[in-house]
There are 2 protein chains.
Amino acid sequence: MSPHPKLADTFQILETHGDHPIECPVRDVLARIGDKWSVLLIAALAGEPRRFGALDRAIPDISKRMLTQTLRGLERDGLVERNVFPTKPPSVEYRLSPLGQRLLDPLCVLIEWADEHHASIAMARERFDKPPRP
Amino acid sequence: MSPHPKLADTFQILETHGDHPIECPVRDVLARIGDKWSVLLIAALAGEPRRFGALDRAIPDISKRMLTQTLRGLERDGLVERNVFPTKPPSVEYRLSPLGQRLLDPLCVLIEWADEHHASIAMARERFDKPPRP
DNA sequence: CGGTATCCCGAGGGATACTG
DNA sequence: CAGTATCCCTCGGGATACCG
C-alpha cells in the first residue's frame, strides 16, 4: 500500500516515458517555476496588475535585466499578459492571464507548506551539519 | 479586491523583509524543490522506500553524482531518511520522513496543474515564437 | 553495491552603461 | 519609464574514473 497513491501514480508522468528521456512536459513546467524569480513575480502579480517599475520596487533585489527576462518567459508561456499604453513616457502593465491565475492555488499551497515548515527544515540542517562525534 | 487574497497576503512573506534581502526562508525552500532532481526523487520515494540502485534505475537520466548529492540535500533538510544495513554487499534504503510526506500533497497539486496545462503552455509558446508579421 | 574524487563546460544571472 | 546591450563570473551539473 502506498502512503500517497495519487502522487505515486503521478510519478509515472514524471518518469522518462518511452525512449526520449527529456521529453517530459511536466518537468519543464517545473523548471519554469523553479527558476529564481518566476514564483516571486507571479506572487507579486497575484493581487493586481502592476507596471514594470512597480514590480522593480516590489522586488528590490531583482535586476532590470532579470525582471525583463523573467517577465518575457512568463509571457511566452502564456501566464502573464503585457499591455503597452502609448503614453509619454510609455507605461507598460503586466497582469496574470487566466492561465496564470489558475496557477495561484497550487503555488499558494506550496508556499504555505514552506512557511509552515521552514523552521523544521532549519533545525534539520543544523543537526545534520553538527560535527557528528569528536 | 484581489482575485486571490490569500496569496496576495502570502506574497508579503516572499518579499524581502527588513533590510536583509536574502533572509527569506520560503525562498530557499523553493530553491530546494526548484533544483533539477529533488521533486523527481521525492516523487520516486512517494510510494515506498527505495534503495540507491533502485532510484538510479527509476530515473535513468540522473548521474550517480547528482543522485547522491540530491539525496544528501534532502536528507540534510530532513525530508528523507537514510538507513544503512550492514550486509555484504552493503544496502542503503532511502525513505521519506514524516516531514517529506507532508510535502507530497502540495507537490501533487502542483504536478497535476502542470499535467493539465502543459498543452496550453506549449501552444502559447508556439504563438509567441511565431514571426510576428512579415 | 553505493558511493567519492576530479575535471570541465555552459547557462543563469549580477553589474553597469546606454537608448527611444 | 521601460527597457537593450555588454561584460563577466559563479556554480549547477554532466562525464569519467576510482574505492571500500
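A note on names: the letters A, B, ... follow the listed sequences, proteins ahead of strands, and every chain is numbered from 1. What you see below is based on every heavy atom in this structure, not just the backbone, and it leaves out hydrogens, waters and symmetry mates.
- Note on B/Tyr94: only backbone sugar-phosphate atoms sit closer than 4.0 angstrom, heavy atoms only; bases stay farther off.
- Under the 3.5 Å distance criterion, the side-chain polar atoms of A/Arg50 are matched with a main-chain donor or acceptor of A/Ala44.
- Nearest nucleotide to the side chain of A/Arg65, out of C/dG13, D/dG14, C/dT4: C/dG13.
- No salt bridge links A/Arg102 with A/Asp105; every basic N to acidic carboxylate O contact stays at or beyond 4.0 Å.
- The nucleotide whose nearest atom lies closest to any side-chain atom of A/Asp35 is, among C/dG2, C/dG13, D/dG3, C/dG13.
- Regarding A/Arg57, its CZ atom lies at a distance of 8 Å from the P atom of D/dA2, rounded to whole Å.
- Nucleic acid contact for B/Lys36: sugar-phosphate only, since backbone atoms but no base atoms lie under 4.0 Å from a heavy atom of the residue.
- Between A/Trp37 atom CH2 and C/dA11 atom P the separation is 22 Å, expressed in whole Å.
- Rounding to whole angstrom units, CD of residue A/Gln69 and P of C/dA15 are separated by 15 Å.
- Of the candidate nucleotides C/dG3, D/dG3, C/dC1, C/dG3 has the atom lying nearest to any side-chain atom of B/Lys64.
- Where A/Met66 and A/Pro90 meet DNA chain C, the nucleotide closest to each residue was compared, and A/Met66 sits on the side nearer the 5' end.
- As a whole-Å value, the separation of A/Phe52 CZ from D/dA2 C1' is 6 Å.
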Subject >> Pair A/Glu75-A/Arg72, side chain to side chain contact (heavy atoms under 4.5 Å, CB included): steps then yes or no >> reply: CA-CA 5 Å; A/Glu75 189 194 359; A/Arg72 285 291 180 284; 3.9 Å; yes
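- Distance B/Leu67 CG to D/dA15 P: 14 Å, rounded to the nearest Å.
- In this model, the phosphate group of C/dG3 is approached by a side-chain N or O of B/Arg72 to a distance below 4.0 Å at OP1 or OP2.
- With rounding to whole Å, B/Leu71 atom CG is found 10 Å from C/dT4 atom P.
- Spacing between atom CG of A/Asp56 and atom C1' of C/dG14 amounts to 14 Å, rounded to whole angstrom units.
- Atom CG of B/Leu96 is separated from atom CG of B/Leu104 by 5.5 Å, given to the nearest 0.5 angstrom.
- When all heavy atoms of A/Ser38 and A/Thr70 are compared, the pair lying nearest together is OG-CG2, 3.6 Å.
- We find that CD1 of B/Ile62 is positioned 12 Å from P of D/dA15, with the value rounded to whole Å.
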